[in-house]
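Have a look at the structure below, then the notes.
Chain letters run A, B, ... following the sequence lines, proteins first and then strands; every chain starts at 1.
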Amino acid sequence: MQAAQMESVEEPPSMLWGLDPIFSTFAKLYVRDILQMTESIQVPDVYFYNSHPIFQVDVLGTVVYKRERDSFFCYGVDDGTGVINCLCWKKDLLKEKGDPTKSGAKHSDGAQGSFDPVAELEKLRQAQKNRCHLDIGDLLRVRGPVKTYRQQREITAHVYYKVNDPVMAVQIAWMMEVPQLYRQCYDKPILQQPDEMGDSSFTLLSKATNVIKDFVKQKMASKVRPYDVMDLLHPLFPVHSQTASEDQRPVAGPSSFQRLRQLVQETLQVLQDEGILYRKVRSQDEVYHVTAEDTDLLIAVKDIIREDSKREHFAEKGCHVLHILTAVRHSYSLNVTKAALEVILRKLECNSEIVSTRDNYYTAF
Amino acid sequence: MLPAAAVFHYPWEINSGAVEEGQSVRVFGRLTYYQPEESRATLSTQHASKEHCVVVNTKHVEPFDPITGAQYIALGETEKVEDGGVVLRARVLNCIDGVNIALLQKAINEQRSFFSEREQKQSEAAQFTHDT
């Protein structure tokens, strides 16, 4: 009970569920665990096993209970650790009752040697019917989402079939595999790692990038130098260095400036990779141009597209991004990156100054 | 209503008193003896140079095809009888002749050790949270 409460407190936000690979698989959990998983408070029919979000499972077990209705079977499946109800909808194929005399005649036609699709289909239907119709004692494999119906967990089968396992080979393989899966996947806390472990380096960088992005947007700055940025990023550091330098105070003093410098470099690199900044000229003076504010570049790109769209070669399709990139590098600056050009193109397109004819092709009128 | 989960048990655990009365179990063994008029079958296994027999009441699974000498797996509830023995009232009785018994035992052990390992970890964790 205590563990259950703790788990619900630590329930990861639904935004992060997709990061867990187990979320998108059919988890091969023991029925006992399926019945005991804690239910999510955020979304119904999502459950947590060891803080792994789970909504669909894969189960193999013996049928120990059976109820048939017009449109579905309800099988109780026992895997040796628990028993769970499985709701198995009948396929339309099963509900159709073929005329027995007709199918018998067709079958004799097929026996003469020629390939008879109707008889083959009938055979297929029969095989499927046999696989879907189970009795107590048969082995059932079922995959599907877990639902809570009248306060009881059940599996709504997406796929279910009778497993032919006369010497228990499938069951033994399953019994050997599942503990391994538990050890390697389900019992490992995966979701918490990125929060705790990656926090220090990864999110510091993303925080820094966001700070600079906001600064650039607010000030409408057209150029940035590392020194300006360093002041902006400085507030990010004290909190970080205080926690880290408890026992390494003498080292932390001189290195904090270096670390700041390194962070600045990394941040600027990220921003360049995203195309937000680019260096017009590679010189001693490190100046980064803010792509979106660079009206000269904007005009240059617009002119290139307008001019080249008139040429016969590009008239129909428009100009490809790489063609524009070569032209810009030729006429404007050698250091324009593709990412920066894409930022410009997006801005021009938003202003309806250029039109994309299809993916990566642009034209102007 | 759903029946209780039938946990794998070895034939030599059934009669030794390790299994409580009314517990759901599944157990394997070679069919050595079958009395249809009394619905009584006997599954036996060699273990540690001893023959272990489990008496199975087959009333609920009849009619079935008895092959003497074949491996069967029975699933059901245990029941004490007057003479002090244990009878398994079978809900399922499947012929699994040809099964690799050694591998099956390994799989059962694997599953058991997994659960005991996990329970140990959980009790340790509970101890830890209790202490702090």
By a 4.5 Å heavy-atom criterion (distance strictly below it), what part of [X] contacts chain A: side chain, backbone, both, or neither?
{"X": "V92(B)", "value": "side chain"}
{"X": "I73(B)", "value": "side chain"}
{"X": "Q71(B)", "value": "neither"}
{"X": "R26(B)", "value": "side chain"}
{"X": "L104(B)", "value": "both"}
{"X": "D97(B)", "value": "backbone"}

Exercise. What about the rings of Y34(B) and Y72(B), do their centers lie closer together than 6.0 Å?
Worked result: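 Centroid separation for Y34(B) and Y72(B): 6.0 Å or greater.
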For this session: Please confirm whether W17(A) and F48(A) have ring centers closer than 6.0 angstrom.
Result: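 Ring centres of F48(A) and W17(A) closer than 6.0 Å.
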Contacting moiety of [X], where chain B heavy atoms sit under 4.5 Å:
{"X": "P166(A)", "result": "backbone"}
{"X": "R32(A)", "result": "side chain"}
{"X": "D79(A)", "result": "backbone"}

Tell me whether the rings of [X] and [Y] are parallel (<30°), tilted (30 to 60°) or perpendicular (>60°).
{"X": "F26(A)", "Y": "H158(A)", "answer": "perpendicular"}
{"X": "F114(B)", "Y": "Y30(A)", "answer": "tilted"}
{"X": "W12(B)", "Y": "F28(B)", "answer": "perpendicular"}

Exercise. Taking the six-membered ring of Y161(A), is the NZ or CZ of R141(A) close enough (under 6.0 Å from the centre) and on axis enough (within 45°)?
Worked result: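 Here R141(A) fails the 6.0 Å and 45° test against Y161(A).
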For this session: Could you check which of R91(B), M1(B), E110(B) has the highest count of heavy-atom pairs closer than 4.5 Å to chain A?
Result: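 Ranked by heavy-atom pairs under 4.5 Å with chain A, first place is E110(B).
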Exercise. Looking at A6(B), G98(B), A4(B), which one has more heavy-atom pairs under 4.5 Å with chain A than the rest?
Worked result: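 Result: the option with the highest number of such pairs is A6(B).
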Problem set entry | No-hydrogen, no-angle side-chain donor-acceptor test under 3.5 Å, T78(B) and E21(B) |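 There is no such pair between these side chains.
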Exercise. Does a donor on one side chain sit under 3.5 Å from an acceptor on the other, for Y186(A) and D33(A)?
Worked result: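 Side-chain D/A pair, Y186(A) to D33(A): absent.
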